[in-house]
Amino acid sequence: MDSYNQNERREIIMDYYKNPKRKKPMDFDLKNAKTYYHHSTNCVDEITLIRPKKENDYYYTAIGCAIFLASTEVFLEIAAINEFNNMDALVTNFKKLINQEELSESELISLGKLKIFSNVKKHLNRVECALMITKVIEKI
């Protein structure tokens, strides 16, 4: 499916977790932005997705585990590369990947680094963590 071994996956996930580029502090000024909130029913993971009114970009404030925060970072990075076009397709393809459903070659390519989460389903308690970003995107 991809060329990442388990150690590479772990390193990439931890790098996105420790060095987020789109994460804002919890006290970030939200008055000039649209926000979308979602929280996990299973753990402390929660996110407020932020879309500044004058920009075509997304940021977020969040609390949560490495899988949740890293998948959010990678998802938003891939979405930005695609200029936030085809968000529905990205959500659908990411869900298929996480649920280990069959993906075409072009669908796999569209996921980019999100492929590092392809084995999340081995730990069922992490599926919701990885898919939290899709839940908030679906609210938009």
Side-chain angles (χ1 to χ4, degrees):
M1 178 177 286
D2 63 58
S3 60
Y4 300 109
N5 67 41
Q6 193 59 35
N7 286 334
E8 290 170 327
R9 289 172 195 250
R10 190 176 299 112
E11 286 176 22
I12 294 168
I13 288 168
M14 291 310 294
D15 184 50
Y16 276 96
Y17 174 68
K18 291 178 179 178
N19 303 299
K21 293 177 178 51
R22 295 179 179 278
K23 186 177 181 188
K24 301 295 183 188
M26 293 301 279
D27 61 352
F28 184 72
D29 182 7
L30 301 174
K31 65 182 164 197
N32 290 320
K34 287 188 176 187
T35 61
Y36 308 91
Y37 176 80
H38 188 76
H39 71 278
S40 171
T41 57
N42 297 328
C43 63
V44 300
D45 293 351
E46 68 176 46
I47 183 172
T48 299
L49 191 65
I50 305 162
R51 183 173 185 190
K53 291 180 182 175
K54 294 184 178 184
E55 297 178 43
N56 187 22
D57 207 352
Y58 290 89
Y59 304 96
Y60 66 95
T61 62
I63 298 170
C65 68
I67 296 294
F68 160 54
L69 294 172
S71 67
T72 298
E73 281 288 328
V74 177
F75 187 97
L76 292 176
E77 178 180 283
I78 300 300
I81 289 168
N82 295 316
E83 298 178 351
F84 299 96
N85 295 322
N86 301 319
M87 290 279 269
D88 291 338
L90 187 58
V91 166
T92 299
N93 294 340
F94 188 46
K95 284 181 171 182
K96 286 167 102 175
L97 177 83
I98 296 298
N99 291 308
Q100 298 179 334
E101 297 173 19
E102 190 172 328
L103 289 157
S104 70
E105 186 64 30
S106 64
E107 289 171 329
L108 274 173
I109 291 168
S110 75
L111 290 171
K113 280 188 186 172
L114 283 169
K115 291 181 281 191
I116 63 174
F117 299 100
S118 64
N119 67 347
V120 164
K121 196 165 184 174
K122 289 180 182 178
H123 305 281
L124 292 176
N125 60 327
R126 294 293 183 215
V127 169
E128 184 177 352
C129 303
L131 292 176
M132 282 274 293
I133 184 62
T134 65
K135 303 295 183 195
V136 74
I137 293 290
E138 290 173 334
K139 291 181 177 185
I140 299 174

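The first residue in the sequence is number 1, and the count goes up from there. The basis for the numbers below is simple: all heavy atoms, side chains too, and nothing from hydrogens, waters or symmetry mates.
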L90 and L114, any side-chain heavy atoms less than 4.5 Å apart:
yes
May I ask whether I13 and I63 are part of the same hydrophobic cluster, defined by side-chain heavy atoms of I, L, V, M, F, W, Y residues being less than 4.5 angstrom apart, directly or through others?
no
Qualifying residues under side-chain hydrogen bond (donor to acceptor under 3.5 Å, both in side chains), relative to Q100, sequence neighbours excluded
none
Indicate the atoms forming the closest heavy-atom contact of A66 with M14, along with that distance.
CB-SD, 4.1 Å
Apply side chain to side chain contact (heavy atoms under 4.5 Å, CB included) to the pair T134 and K95, showing each step before the final yes or no.
CA-CA 8 Å; T134 65; K95 284 181 171 182; 3.7 Å; yes
Extract all donor-acceptor atom pairs below 3.5 Å that involve side chains of residues 105-113 and protein atoms in other chains or at least two apart in sequence.
| from | atom 1 | to | atom 2 | distance (Å) |
| --- | --- | --- | --- | --- |
| S106 | OG | S104 | OG | 3.2 |
| E107 | OE1 | S104 | N | 2.8 |
| E107 | OE1 | S104 | OG | 3.4 |
| E107 | OE2 | K96 | NZ | 3.2 |
| S110 | OG | N93 | ND2 | 3.3 |
| S110 | OG | E107 | O | 2.6 |
| K113 | NZ | Y16 | OH | 3.3 |

Once rounded to the nearest 0.5 Å, what's the spacing between atom CD1 of I116 and atom CD of Q6?
10.0 Å
Value for CG (D57) from CG (L76), rounded to nearest 0.5 Å, stands at 8.0 Å
Pairing of K18 and E73 as salt bridge, 4.0 angstrom limit
no
Could you pull out all donor-acceptor pairs under 3.5 Å where a side-chain atom in residues 120-130 meets a protein atom, sequence neighbours excluded?
| from | atom 1 | to | atom 2 | distance (Å) |
| --- | --- | --- | --- | --- |
| E128 | OE1 | N42 | ND2 | 2.4 |
| E128 | OE2 | S40 | OG | 3.2 |
| E128 | OE2 | T41 | N | 3.4 |

If you group Ile, Leu, Val, Met, Phe, Trp and Tyr by side-chain heavy-atom gaps below 4.5 Å, do I140 and I78 land in one group?
yes
Determine, stepwise, if the pair R22 / T72 fulfils side-chain hydrogen bond (donor to acceptor under 3.5 Å, both in side chains).
CA-CA 9 Å; R22 295 179 179 278; T72 298; over 6 Å; no
Identify the heavy atoms of R9 and K115 that sit nearest to each other, and give their distance.
NH1-O, 3.6 Å
Nearest 0.5 angstrom please: F117 CZ to L131 CG, how far?
10.5 Å
May I have the step-by-step check of side chain to side chain contact (heavy atoms under 4.5 Å, CB included) for Y17 and I67, ending in yes or no?
CA-CA 8 Å; Y17 174 68; I67 296 294; over 6 Å; no
Looking at N85, I want to see if its CG is surrounded by more than 12 non-hydrogen atoms of other residues, nucleotides or ligands under 6.0 Å.
yes
Just jot down the salt bridge (Lys or Arg N to Asp or Glu O under 4.0 Å) partners of D15, sequence neighbours excluded, or say none.
none
Expected list for residues 45-52: side-chain donor-acceptor pairs under 3.5 angstrom, two or more places apart:
| from | atom 1 | to | atom 2 | distance (Å) |
| --- | --- | --- | --- | --- |
| D45 | OD1 | C65 | N | 3.1 |
| E46 | OE1 | Y37 | OH | 3.2 |
| R51 | NH2 | N56 | OD1 | 3.1 |

Can you tell me which residue pairs pass the ring-ring contact (aromatic ring centres under 6.0 Å, His included) test with a partner in residues 41-83, sequence neighbours excluded?
Y58-F84
Answer yes or no: is there a donor N or O on one side and an acceptor on the other, between the side chain of N5 and the main chain of N7, under 3.5 Å?
yes
